[in-house]
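Whatever order the structure lists ligands and atoms in, that order sets their numbers, starting from 1.
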Amino acid sequence: MTEKSWADAKKLDIEYNLKTIREEISRAAALSGRCEQDIDFMAVTKTVDEQFINHAIACGIRLIGENKVQEMLRKKPNLNLSGVRKNLIGHLQSNKASQIVGEVDMIESVDSLKIAREIGKQSVKKGLVTDVLIEVNIGKEESKTGFMPEIVEESIAQMAEIEGLHICGLMTIPPICEKTTELCKFFTNIYNMYVDIGSKKLDNVNMNILSMGMSGDYAEAIRAGSNHIRVGSKIFGPRIY
Ligand SMILES: *Cc1c(COP(=O)(O)O)cnc(C)c1O
């Protein structure tokens, strides 16, 4: 196949995949008393070439996510981002905070007080308020970043005081589970936490976004209460690093 016909075939795949996923989002949303529009559908674009990201945008994607600061900044000028939000979803190092603040619509991966303070500091410097989600290590895995479930609430109360930061909800990546029932337990645990913290009505904290669900589990996540899913390989195919 020529380069061009390969790219054209891949674009057709992307269209087909988006259609399939949207249908599944609709079904899962209906099963939890909502509709497709209630679920924010992010295309995770790490390692994906700009032409395919732009194709997904042409097919109606209005939210993209990258997990690395450099990759986000490198691709941004080549994307048709009018009306498209872009979020950072990967672990952020303190020394990169100054580069990303003001360049994205939201940082979904606030996983320590230290990084929360740094994002706040850089935001104040630029005269901005940065929307963030608090990442929860719902399975208490050593290999993952994020706040342990026991300290999420008190940590949020502390972070709510940070100037330049606006907390909009929670984000999680659950452990790999063999059984769906096991996975759903993690989703339900964080959903309950999300509702509970929201009901406290802390100053400067809104629990409006629950970001969970990826290629393999977005339907289960939606049924368990997610309103923001992050899907990569199911749209663009396997990642080649
Ligand atoms: C890569 C990534 C995703 C998407 O993963 P897929 O399984 O390809 O859908 C979602 N969330 C985060 C934080 C990621 O890094």
Side-chain angles (χ1 to χ4, degrees), residues 10 13-25 28 39-50 52-53 55-57 59 61-75 84-93 96 100 104-112 115 119 131-147 152 168-178 180 183 186-187 190-191 194 209-241:
K10 187 159 168 124
D13 283 347
I14 291 169
E15 281 169 46
Y16 175 81
N17 294 341
L18 286 172
K19 184 166 172 282
T20 311
I21 297 165
R22 286 197 177 106
E23 285 164 6
E24 217 177 330
I25 293 173
I39 314 297
D40 219 356
F41 175 20
M42 171 193 286
V44 176
T45 54
K46 64 191 186 214
T47 79
V48 177
D49 197 88
E50 286 96 325
F52 302 122
I53 304 173
H55 190 67
I57 292 170
C59 294
I61 283 292
R62 289 295 168 265
L63 172 62
I64 63 169
E66 284 280 349
N67 66 338
K68 293 204 177 107
V69 170
Q70 300 313 332
E71 193 173 343
M72 171 71 91
L73 297 178
R74 173 170 57 76
K75 287 173 175 175
V84 177
R85 288 164 294 138
K86 54 242 163 276
N87 293 2
L88 185 76
I89 58 172
H91 173 70
L92 177 61
Q93 288 168 293
K96 301 241 174 84
I100 201 74
V104 287
D105 293 275
M106 182 178 280
I107 298 173
E108 299 200 6
S109 40
V110 170
D111 53 13
S112 70
I115 195 66
I119 293 167
D131 285 337
V132 300
L133 302 183
I134 305 308
E135 184 173 349
V136 180
N137 186 351
I138 196 67
K140 303 194 197 187
E141 293 172 281
E142 288 215 6
S143 60
K144 287 207 174 103
T145 53
F147 290 88
V152 169
C168 303
L170 304 179
M171 183 271 238
T172 200
I173 306 172
I176 293 166
C177 296
E178 273 180 30
T180 309
L183 176 68
F186 289 117
F187 284 153
I190 193 165
Y191 177 75
Y194 165 79
I209 301 176
L210 179 55
S211 172
M212 63 183 187
M214 312 190 348
S215 288
D217 59 14
Y218 62 88
E220 286 84 2
I222 292 169
R223 272 152 58 190
S226 167
N227 58 12
H228 183 108
I229 59 171
R230 310 177 308 265
V231 182
S233 47
K234 183 122 190 219
I235 302 172
F236 299 108
R239 278 182 288 277
I240 304 154
Y241 287 96

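Other residues, nucleotides and ligands place no more than 12 heavy atoms under 6.0 Å from the OH atom of Y191.
Salt bridge present: E24 and K234 bring a charged side-chain N and a carboxylate O closer than 4.0 Å. Here R62 does not pair with D40 in a salt bridge; the nearest charged N to carboxylate O distance is not below 4.0 Å. A salt bridge is defined here as a Lys NZ or Arg NE, NH1 or NH2 lying under 4.0 Å from an Asp or Glu carboxylate O, and E71 with K75 meets this definition.
Near V231, with a cut-off below 4.0 Å to any heavy atom, the atoms of ligand 1 are 9 (O). Which parts of ligand 1 touch I173 is read off a 4.0 Å heavy-atom cut-off, strictly below it: atoms 13 (C). Atoms of ligand 1 lying under 4.0 Å from at least one heavy atom of G232, given by number and element, are 4 (C), 6 (P), 8 (O), 9 (O). For ligand 1, the atoms closer than 4.0 angstrom to any heavy atom of S233 are 6 (P), 7 (O), 8 (O), 9 (O).
Ranking the protein heavy atoms by distance from atom 13 (C) of ligand 1 puts I89 O, 3.5 Å first. Counting only heavy atoms of the protein, atom 6 (P) of ligand 1 lies nearest to S215 OG, 3.4 Å. Closest to atom 11 (N) of ligand 1, if we only count protein heavy atoms, is R230 NE, 2.9 Å.
Considering each of K46, E135, M212, M214, the one bringing a non-hydrogen atom nearest atom 14 (C) of ligand 1 is K46.
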- side chain to side chain donor-acceptor pair (under 3.5 Å) evaluation trace for E135 with S109: CA-CA 5 Å; E135 184 173 349; S109 40; 5.0 Å; no

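Counting only distance, with no hydrogens or angles, the side chain of S226 and the backbone of M212 share a donor-acceptor pair below 3.5 Å.
Residue contacts with ligand 1 include R239, since one of its heavy atoms falls under 4.0 Å from the ligand.
Counting only N and O atoms by type, the side chains of S233 and R239 include no donor and acceptor under 3.5 Å apart.
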